[in-house]
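What follows is a short report on a single structure.
The structure presented is a predicted model; accordingly, all values stated were derived computationally and were not measured. Residue indices begin at 1 and follow the sequence shown.
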Amino acid sequence: MSAYTILVSGISDATTEQHLSDFFTFCGKITSVEYDREKHSAAIHFEKPSAAKTALMLNGGTLDGAHLTITSEHEHHDKEDGSAEGHIDQTDKPRAGIAAEYLARGYTLSDQILQRAIELDKQRGISTRFLSYIQSLDTKLGERALGPEKTISGKVQETLASATQQAKAVDEQKGITKTASDYYTRALSSPFGQKVKAFYTSTSKQVFDIHEEARRISETQKAHAQGSAHGAGTEKSTGVGSAAPPISPEVQTTTAAAAATSTTTTTPAADAPAAV
């Protein structure tokens with residue numbers, strides 16, 4: 001058994017191995033799935049310990065109408081390599097952000113699980129690599145759209161009405177949203193860019209903030225899908241599996257410095273989780 005393995009029981013008769021893979025790929029890269037349909041149990045093997053730790057956070061979550069029991073024979077720890085460089089994957093993201101992605105795809109997570117995600121982020125902090133990615137993207141978009149030493153999210157420091165007008169004007173002039181293939185690019189460039197940046201770079205948040213971010217992801221996904229409906233097929237995520245909003249290729253590698261119990265659902269799911 002892999003050292004980075006979680007055990008899942010209480011699985012629904014309707015759940016397939018693909019359903020399990022789709023569900024747990026939000027946590028990080030899966031190396032293999034062992035599914036015993038007769039016993040309604042499975043072992044999910046991950047590439048990284050932080051992915052297994054995220055999966056354990058989901059204990060009590062719902063898949064195909066069944067409440068999952070998720071355990072492990074090992075204790076899993078986050079490993080921060082301390083580098084701001086390298087490819088961004090799911091395990092670099094704040095767990096509150098991952099929880100928002102689940103809700104945006106229509107999965108059901110209790111507020112208790114969302115609070116668990118917030119607490120884990122407080123314990124771990126935001127990864128250096130992900131902080132650098134968001135800050136570098138914000139700066140690059142700001143310089144391209146507004147000029148040197150400007151951040152794209154900074155434009156909403158004015159009143160909301162003024163910011164909305166400016167955001168639309170910048171977007172029409174620069175075509176940011178039309179050309180963006182990355183959720184974070186589109187979100188930072190929106191009138192709520194500063195809120196989005198704060199959500200992903202701060203550990204100070206509440207359950208409501210996760211639901212709010214889930215709505216933003218869902219709405220952005222729908223708008224982007226409608227805008228590219230004339231294209232050939234669905235855009236493929238460059239994130240992990242089919243779950244995550246893709247990472248902008250413009251800032252894949254960055255050297256920017258790092259800165260500082262009711263059950264609810266958000267948007268009904270499509271047939272399967274889709275990339276933003």
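Side-chain contact of H45 with T31: a donor-acceptor pair under 3.5 Å is absent, judged by distance alone. No donor-acceptor contact under 3.5 angstrom links the side chains of Q115 and D111, judged on distance only. In summary, the side chains of Q90 and K93 do present a donor paired with an acceptor at a separation below 3.5 Å, with no hydrogens or angles considered.
Between atom CZ of residue R116 and atom CG of residue L120 there is a gap of 8.5 Å, rounded to the nearest 0.5 Å. Atom OG of S72 and atom OH of Y4 lie 11.5 Å apart (nearest 0.5 Å). For the atom pair CG of L114 and CD of Q112, the computed distance is 10.0 Å after rounding to the nearest 0.5 Å. One finds the OG1 atom of T139 at 11.0 Å from the CD1 atom of I134 (value rounded to the nearest 0.5 Å). Atom CG of L131 and atom OG of S136 lie 12.0 Å apart (nearest 0.5 Å).
Take E47 and apply the side chain to side chain donor-acceptor pair (under 3.5 Å) test, not counting sequence neighbours, and it matches no residue. In terms of the side-chain contact (heavy atoms from CB on, under 4.5 Å) criterion, residue partners of S204 (sequence neighbours excluded) are, by chain and number, S202. Listed by chain and residue number, F199, K205, Q206, E212 satisfy the side-chain contact (heavy atoms from CB on, under 4.5 Å) test with D209 (two or more places apart in sequence, or in another chain). In this structure Y102 satisfies the ring pair (Phe, Tyr, Trp, His ring centres under 6.0 Å) test together with F23, F26, Y107, sequence neighbours excluded. By the side-chain contact (heavy atoms from CB on, under 4.5 Å) test, A117 pairs with M57, R95, A99, sequence neighbours left out. Partners of R216 under the side chain to side chain donor-acceptor pair (under 3.5 Å) rule, at least two apart in sequence or in another chain, are E213. With sequence neighbours excluded, the residues that form a side-chain contact (heavy atoms from CB on, under 4.5 Å) with T15 are I11, S12, H19, L20, Y35, L63, D64. When the side chain to side chain donor-acceptor pair (under 3.5 Å) test is applied to E17, no partner is found at least two apart in sequence or on another chain.
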Next item on the list: Go through the steps to decide whether K222 and S218 satisfy the test side-chain contact (heavy atoms from CB on, under 4.5 Å), and finish with yes or no.
Entry: CA-CA 6 Å; K222 287 177 182 176; S218 179; 3.9 Å; yes

Next item on the list: Take H40 and D13, measure what side-chain contact (heavy atoms from CB on, under 4.5 Å) needs, and give me the verdict at the end.
Entry: CA-CA 7 Å; H40 300 279; D13 285 329; 2.4 Å; yes

Notebook entry, point to check: Y184 and F130: ring-ring contact (aromatic ring centres under 6.0 Å, His included), yes or no, with the steps?
Noted result: CA-CA 12 Å; Y184 303 112; F130 193 75; 5.8 Å; yes

Item checked: I210/I118 under side-chain contact (heavy atoms from CB on, under 4.5 Å): CA gap, chis, key distance, verdict -> CA-CA 9 Å; I210 298 179; I118 291 169; 3.8 Å; yes

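Scanning both residues, G97 and Y200, for their nearest heavy atoms gives CA-CE2, 3.9 Å. The two residues C27 and T54 make their nearest non-hydrogen contact at SG-CG2, 3.9 Å. The minimum heavy-atom distance between T91 and R124, with the atom names listed, is O-NH2, 3.0 Å. For T71 against L56, the heavy-atom pair with the smallest separation is C-CD2, 3.5 Å. Of all heavy-atom pairs spanning N59 and T69, the tightest one is OD1-CA, 3.3 Å. Nearest heavy atom pair, residue L7 against residue A43, reads CD2-CB, 4.0 Å.
Taking the side chain as every heavy atom from C-beta outward, I126 and T203 approach each other to under 4.5 Å. Contact of the S9 side chain with the L68 side chain is not registered, since no non-hydrogen atoms from C-beta on lie closer than 4.5 Å. For the pair K122 and E119, the minimum side-chain heavy-atom distance is below 4.5 Å. Between T5 and I44 there is no side-chain heavy-atom pair separated by less than 4.5 Å.
Here salt bridge (charged side-chain N to carboxylate O under 4.0 Å, His left out) pairs that include residues 48-61, with residues two or more places apart or in two chains, are K48-D89, K53-D78.
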